Amino acid sequence: MASETKTAPKIENTNNHVTHPSMFDAVLARLDVAAKLLGLSEDVAEILRHPQKEVKVSLPIVMDSGKVQVFEGYRTIHSTAIGPSKGGIRYAMDVNDDEVRALSAWMTFKCAIANLPYGGAKGGIKCDPRKMSEGELERLTKAYTTALVDIFGVNKDIPAPDMGTGKREMAWFLNTYSNLVGEHTPGVVTGKPITLGGSRGREAATGRGVMIATLEAMQKTGMNRKTATAAVQGFGNVGSHAVRLIHSKGIKILAISDHTAAFWNEKGIDVEAALKYAHTHGNVLKGFTGGTEITNDELITCKVDVLVPAAIQNVITAANAPRIQAKIIVEGANGPTSAEADKILNDKGILVVPDVLANGGGVTVSYLEWVQNKSGLYWSEEEVNTRADASMGTAFESVWYNAQQYKTSMRIGSYITALKKLDKAIKYRGVY
Ligand code: NAD
C-alpha cells in the first residue's frame, strides 16, 4: 500500500507550546497524499487547500436568567466548484474555526464521492446545548440564521443537522430565513420536520448509509453477517440508527456507548431495550442494565468484527490503534481516526471505510429532500431509501475501485474519487 499519511506540521501556539496538529492539517495531509498518487495539478490542489469563504459571527442572546451571553458562530464554505455548498450546523463546546474548516472540506469530498451536485460547507456554534433551555436554543438558532442570512440560499448554501442539532433547530432556521427573505423557502435547509417539507427517511439516513457501508465492506472481505459482531460508539442520530439497522441485518451488537456510559454484553445487547431506555431517559444510556459497564476506550479496542465510531472526532489515535481488534472500521462520525492512526490500522490490515464515504447517507437524503422541495413532489420512505441505498452502493464501488486501482487504502481512494471530479469541475469552470 502507498504511504498513507504525511505527518501534519506541528503548530506553535502563542505560548510557544507545541499543540496537537489541527484537524484541517489532517485533511491537507491526506489530500496531499491522494493528489500525488493521482498526479493532480498543483493549481487544483492549491485551490482545494483554501476554503472559499469563512465567516465568524458574535451572537448575543438573552439567557433565561435575564443576562446576556455572547456565543461564537461559524460558517465556512470550502468549495462551490461542483454546485451550491452543503453542510450541517454543529452545536458543541469544541466548535472552532479549524474544526469547521476541516468539516467543510470533508463535505466537499463527501458530496463529490456521493455524486451529488453540491460543494461543501459546515457551520457551528460554540455552546453546550445540553445545558441550555429550549427557549435559549431557539433564540440562539434564530440569531445565527439572522447573522448569516446573506450566506445561505436554496442555490447558494444549504445547511442540515449535525452533532447537537436536529429537525427542531432546522425548523427554527427555516422559519427565520423565510421571514427574513419574505417567502416560504423549504429548500434552504434539509433535515426539517416532515410537515415543513422534510423528507421521509432523512432522520435515519446517515445510520442507514452506515449499515449499507458495513454490509458492502463485509461482502468485500468475505465476512459472514450471520456470525459477525459489532460495537458502536455514540447513541445519537447516527449511532442509534446504525445500531438498530446493523442489528436488523443479523449482526450481533456486543457494545454500545454514549458520552455518559459504555456497555458490553457478550451475548448481544438487547437493541430494542437500549433504544427504549435512551428514549425514556433523556436520550442517554447512563443507568442501562443490559450489559457490563466498560469505558469508551475499552469499546474502541474490544473484540468484535466491526467497529463503528459514530460519536465524535479523534477517538482512534496512535495510542489505541495498535490495540484495536476489529477487522473492519466503518466511520459513522466525521474524523474519528487521526492521520497517525491511519497508518497503524493500514499496517494491521484493518479495512477502514472512511467517513467521507460511510456517513454520506445523510447528505444523500438531504439532497433528495432538496429535490423534493424544489419540485413540490414528495416521495414515500421506500422510494427515498431505494434511491439512497443505490447511491451508497455506487459510491462504495467507486471508492473501492480507486483504492484498488491506485493500490492504496479506502481513505486515500475516497479522496482520489472526489479529486477526479473536483479537478474536472474546476477546469471546466476555469480560473481567472
Ligand atoms: P448527536 O448529537 O445526535 O449524537 C452524538 C452522540 O455521541 C451522542 O450519543 C453522545 O452522547 C455521543 N458522544 C458524545 N461525546 C462522546 C464521547 N466522548 N464518547 C462517546 N460518545 C460520545 O450527533 P450525530 O448527528 O449522531 O453525529 C455524530 C457524528 O456523526 C458527528 O461526527 C457528526 O459530524 C457525524 N455525522 C452526522 C450526520 C447526521 O446526519 N446527523 C451526518 C454525517 C456525519
Side-chain angles (χ1 to χ4, degrees), residues 23 86-95 99-100 102-104 106-107 109-111 113-114 120 122-124 127-130 137 159-170 189-192 198-199 201-210 213 231-244 255-263 274-275 277-279 281-286 288 294-300 307-317 320 330-337 354-367 369 388 392:
M23 265 174 83
K86 189 86 188 79
I89 301 173
R90 171 178 285 201
Y91 289 1
M93 278 313 285
D94 50 13
V95 165
E99 180 184 284
V100 176
L103 290 162
S104 72
W106 279 325
M107 283 308 297
F109 300 126
K110 197 179 298 182
C111 292
I113 292 163
K122 202 78 179 190
C127 66
D128 186 348
R130 289 191 279 255
L137 286 168
D162 191 73
M163 211 155 82
T165 60
K167 62 184 174 193
R168 179 183 66 173
E169 287 73 17
M170 301 306 114
V189 60
T190 59
K192 304 176 290 289
S199 178
R202 174 60 184 90
E203 211 159 304
T206 310
R208 187 175 176 87
V210 168
V232 181
Q233 182 183 58
F235 212 66
N237 175 277
V238 182
S240 66
H241 286 293
V243 165
R244 180 176 61 79
I256 54 171
S257 78
D258 67 6
H259 70 287
T260 64
F263 297 94
L275 289 165
Y277 184 88
H279 191 66
H281 291 81
N283 289 320
V284 294
L285 289 169
K286 185 96 197 141
F288 177 60
I294 55 171
T295 64
N296 259 292
D297 187 58
E298 283 169 331
L299 179 140
I300 295 290
L307 171 66
V308 180
I312 50 168
Q313 59 262 26
N314 279 325
V315 291
I316 300 176
T317 62
N320 60 13
V330 184
E331 296 184 335
N334 283 310
T337 309
D355 46 8
V356 283
L357 169 63
N359 68 33
V363 70
T364 301
V365 177
S366 273
Y367 163 66
E369 180 172 330
M392 273 304 290

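Counting starts at 1 for both ligands and their atoms, in listed order. As the structure is a prediction and not an experimental result, all values here were calculated from the model.
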Between [X] (side chain only) and [Y] (backbone N and O only), is there a donor and an acceptor less than 3.5 Å apart?
| X | Y | result |
| --- | --- | --- |
| Lys86 | Pro159 | yes |
| Glu369 | Gly191 | yes |
| Asp355 | Gly335 | yes |

So do the side chains of [X] and [Y] get within less than 4.5 Å of each other, counting heavy atoms only?
| X | Y | answer |
| --- | --- | --- |
| Lys110 | Asn334 | yes |
| Val232 | Val210 | no |
| Ile316 | Pro309 | yes |
| Val284 | His259 | yes |
| Asn296 | Val315 | no |

Protein heavy atom at shortest distance from [atom]:
| atom | value |
| --- | --- |
| atom 41 (N) of ligand 1 | Asn237 OD1, 3.5 Å |
| atom 21 (N) of ligand 1 | Asp258 C, 3.2 Å |
| atom 14 (C) of ligand 1 | His259 CB, 3.6 Å |
| atom 35 (C) of ligand 1 | Asn334 ND2, 3.7 Å |
| atom 39 (C) of ligand 1 | Thr206 OG1, 3.5 Å |
| atom 19 (N) of ligand 1 | Asn296 ND2, 3.5 Å |
| atom 2 (O) of ligand 1 | Gly164 N, 3.0 Å |
| atom 31 (C) of ligand 1 | Ala311 O, 3.4 Å |

Below 4.0 Å from any atom of ligand 1, is there a heavy atom belonging to Lys286?
->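 Lys286: no contact with ligand 1 (<4.0 Å).
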Could an N or O of ligand 1 be found under 3.5 Å from any N or O of [X], whether backbone or side chain?
| X | answer |
| --- | --- |
| Phe235 | yes |
| Asp162 | yes |
| Arg90 | yes |
| Gly236 | yes |

Which atom of Gln313 lies closest to which atom of Glu99, heavy atoms considered = NE2-OE1, 2.6 Å
For Leu285 and Phe263, the nearest pair of non-hydrogen atoms, with its separation, is O-CE1, 3.5 Å
Close-contact set for ligand 1 against Gly332 heavy atoms, below 4.0 Å = 30 (O), 35 (C), 44 (C)
Atom indices of ligand 1, in the order listed, that fall short of 4.0 Å to a heavy atom of Ala310 = 28 (C)
Do Asp258 and Thr260 get their side chains close enough for a donor-acceptor pair, meaning under 3.5 Å?
->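 A pair is found: one side chain offers a donor N or O, the other an acceptor, under 3.5 Å apart.
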Going by atom types alone, do Arg202 and Ser366 pair a side-chain donor with an acceptor below 3.5 Å?
-> yes
Below a 4.0 angstrom heavy-atom separation, can you tell me which part of [X], side chain or backbone, both or neither, approaches ligand 1?
| X | answer |
| --- | --- |
| Val238 | both |
| Gln313 | neither |
| Ser240 | neither |
| Ile312 | side chain |
| Arg202 | side chain |

Steps toward side-chain contact (heavy atoms from CB on, under 4.5 Å) verdict (Val365, Arg208) = CA-CA 10 Å; Val365 177; Arg208 187 175 176 87; over 6 Å; no
Could you pull out, from Asn359, Asn283, Val356, the option with a heavy atom nearest to atom 43 (C) of ligand 1?
->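 Of the listed residues, Asn359 has the closest heavy atom.
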